[in-house]
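All residue numbers refer to positions in the sequence shown, counting from 1. This structure is a prediction, so every number in the text was calculated from the model and none was measured.
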Amino acid sequence: MKAAFDIAVVGSGFGGSLMAMMARRLGHRVILLERGRHPRFAIGESSTPLANLLLEELASRHGLTRLSSLSRWGSWRRHHPRIGCGLKRGFSFFHHQFGKPFRVSEARSEQLLVAASPCDELADTHWYRPDFDEFLVREARACGVEYWDEAEVERFERGGGGVWLHGRRRGGEFSIRARFVIDATGPRGLLHRELQLAEVSYADLPRTEALFSHFNGVGKLEDTGVSGGEIPPYPVDAAAVHHVFEGGWIWVLNFENGVTSAGVAATETLARELGLEEGGPAWERLLDRLPTVRSQFERAAAILPFRHLPRLSFRSATVTGDRWALLPSAAGFVDPLLSTGFPLTLLGVSRLVEILEQDWGTSRFGERLGRYGELTGQELAATGRLIGAMYRHLGDPEVFHALARVYFAAASFSESSWRLGRLGLWQPFLLQDHPEFGPASRECLEQALRLPANGGRSPERAALLRRIDEGIRSVDVAGLGDEHRRNWHPVRFEDLIGGAEKLGVERGRVEALARALGFGDAGRDTVRGVRAR
């Protein structure tokens, strides 16, 4: 079988399906190829405010109204009740010592709660990927995208003014000619293998492994007393829950359908000690070291076979080439610690869509692709540097939390700037080009990476904590530097209003944005992702 298209997208995860849909809405002939079949399990399930803003803007700009409601929990549950999701009000971190129950102190020094929304209606979500990805494939087909599942691409070659994808499907052979190929097949995927692209390491990130599954019967963390009898800024289980310990961390994501996604990311040393390659027995050995987490999983049962990834992080040395490009999800992966995969992938989709819209068939196309590739690589490297610093200090909650605030300061500023129309697609993730925060954050991370892990209360450690506090001030619009909150950070009206000068806009515009975000009655019926003009 032979067929010809303008654009071939390989891989029908959420990034590939969105890319195919957008390209088709621009008028291109598009085919979407999938090696497996939906519904299927996929790692990467927790969204962020920036990811949802990007999703809604893509949907609104290209007339895909059914996708817009997936950008916030309230509208998702009203319009798509059959697509599994979970309520994500923020990020919850709890630090454990092996062999000891979780300890709640007066200062709450062993926990960090950072809210991402003021209410459930406007909250972020965990995506139950078997449902979510299958829905996007159906939407892509409804847009006119040609979709082939069970299509194994075996060879990539150039020729005849385009490229050819040769493979097999359901016992037969196929050859697809395309003018451009977008790889959405994930780390070490199709084009990385076929083109023998080099892999580069993250200089500051340790080698890590992962083990994960889906579970039924997981208990509520709140029932273990982790809040110490106080009322937290949001229900601690309605979040991306992180159990942090020396050498790694566990994620727990709850879906409305009763399923819980959970797994561990661990340094190579701890992974070998636990024997992660053994699957279920390794998970049990880890829970035996964490009494409070063990109590949460006392009645839990894995409903899928455990999956072990012996090499979690990945980064391709090359992201684009002659007539092809990797989505960020295929160009690299760092770690699920801060849920950075979704915004990075959606930034990549948005940028490629803009290039297709503005420069397809022009002499600028290659140059724009090159810039996309450079920026994708820079953003992966910057994310790896931050998460590498956090891994270095997994055993020191105070330093770990300070480094987490570097991320949340950048994220909250970016989200507010995006809504105010002050941030563009081509400005780097994590505010690397911000005139004050960019250099300050790099300096902080360099100091953190030089600081010995678990080195005690040294002058260097104290200096790092002061430098981080100073470094985030220029972009802190979420009250992250307020020590009186004792590591619990709700979304508050006064923090956003007080950040008007930092955001470079008049107070009135920020007040309008705050109302649109749900502070007071005026925000109840507004669309969350629409930018305040």
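- By the 6.0 Å contact criterion, CD on Glu367 is open, its count of non-hydrogen atoms from other residues, nucleotides or ligands being 12 or less.
- The backbone N or O of Trp73 lies less than 3.5 Å from no partner atom in the side chain of Lys88, so there is not a single donor-acceptor pair.
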CA sep, side-chain torsions, deciding dist, call: Ile43, Phe212, side chain to side chain contact (heavy atoms under 4.5 Å, CB included): CA-CA 9 Å; Ile43 192 172; Phe212 49 91; 3.6 Å; yes

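- A donor-acceptor pair is defined here as one N or O able to donate and one able to accept, closer than 3.5 Å; such a pair exists between the side chain of His242 and the backbone of Ser92.
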Worked check of side chain to side chain contact (heavy atoms under 4.5 Å, CB included) between Asp133 and Arg40: CA-CA 8 Å; Asp133 289 2; Arg40 55 147 196 225; 4.3 Å; yes

Full working for salt bridge (Lys or Arg N to Asp or Glu O under 4.0 Å) between Glu436 and Arg473: CA-CA 9 Å; Glu436 296 177 60; Arg473 287 177 189 169; over 6 Å; no

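- By the 4.5 Å heavy-atom criterion applied to side chains, Asn487 and Arg405 are counted as neighbours.
- In this structure, the side chain of Arg315 does not engage the main chain of Phe333 through any donor-acceptor pair within 3.5 Å.
- Arg89 places a side-chain N or O within 3.5 Å of a backbone atom of Ser117 that can act as its donor or acceptor partner.
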Trace of the ring-ring contact (aromatic ring centres under 6.0 Å, His included) decision for Tyr234 with His489: CA-CA 10 Å; Tyr234 55 83; His489 297 281; over 10 Å; no

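- No donor-acceptor distance shorter than 3.5 angstrom exists from the side chain of Asp359 to the backbone of Arg364, with no hydrogens or angles considered.
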Chi angles and distances behind the side chain to side chain contact (heavy atoms under 4.5 Å, CB included) call for Glu209, Arg311: CA-CA 5 Å; Glu209 301 181 19; Arg311 295 172 63 195; over 6 Å; no

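- Distance alone, capped at 3.5 Å, places no donor-acceptor pair between the His62 side chain and the Ser60 backbone.
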Criterion ring-ring contact (aromatic ring centres under 6.0 Å, His included) on Trp127 and Phe342, from CA distance to verdict: CA-CA 11 Å; Trp127 299 353; Phe342 279 14; 4.2 Å; yes

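- A donor-acceptor contact shorter than 3.5 Å links the side chain of Arg392 to the backbone of Leu449.
- Between His434 and Phe413, the two ring planes are perpendicular [angle over 60°; tilted spans 30° to 60°].
- For Thr318 (side chain) and Leu197 (main-chain N/O), no donor-acceptor pair under 3.5 Å exists by modelled atom type.
- When atom types are taken as modelled, the side chain of Tyr391 and the backbone of Leu386 share no donor-acceptor pair closer than 3.5 angstrom.
- Thr376 places no side-chain N or O within 3.5 Å of a backbone atom of Pro328 that could act as its donor or acceptor partner.
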Leu451/Ser458 under side chain to side chain contact (heavy atoms under 4.5 Å, CB included): CA gap, chis, key distance, verdict: CA-CA 9 Å; Leu451 184 70; Ser458 65; 4.1 Å; yes

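- Centroid-to-centroid, the aromatic rings of Phe94 and Phe102 come within less than 6.0 Å.
- Rounded to the nearest 0.5 angstrom, Thr48 OG1 and Glu415 CD are separated by 6.5 Å.
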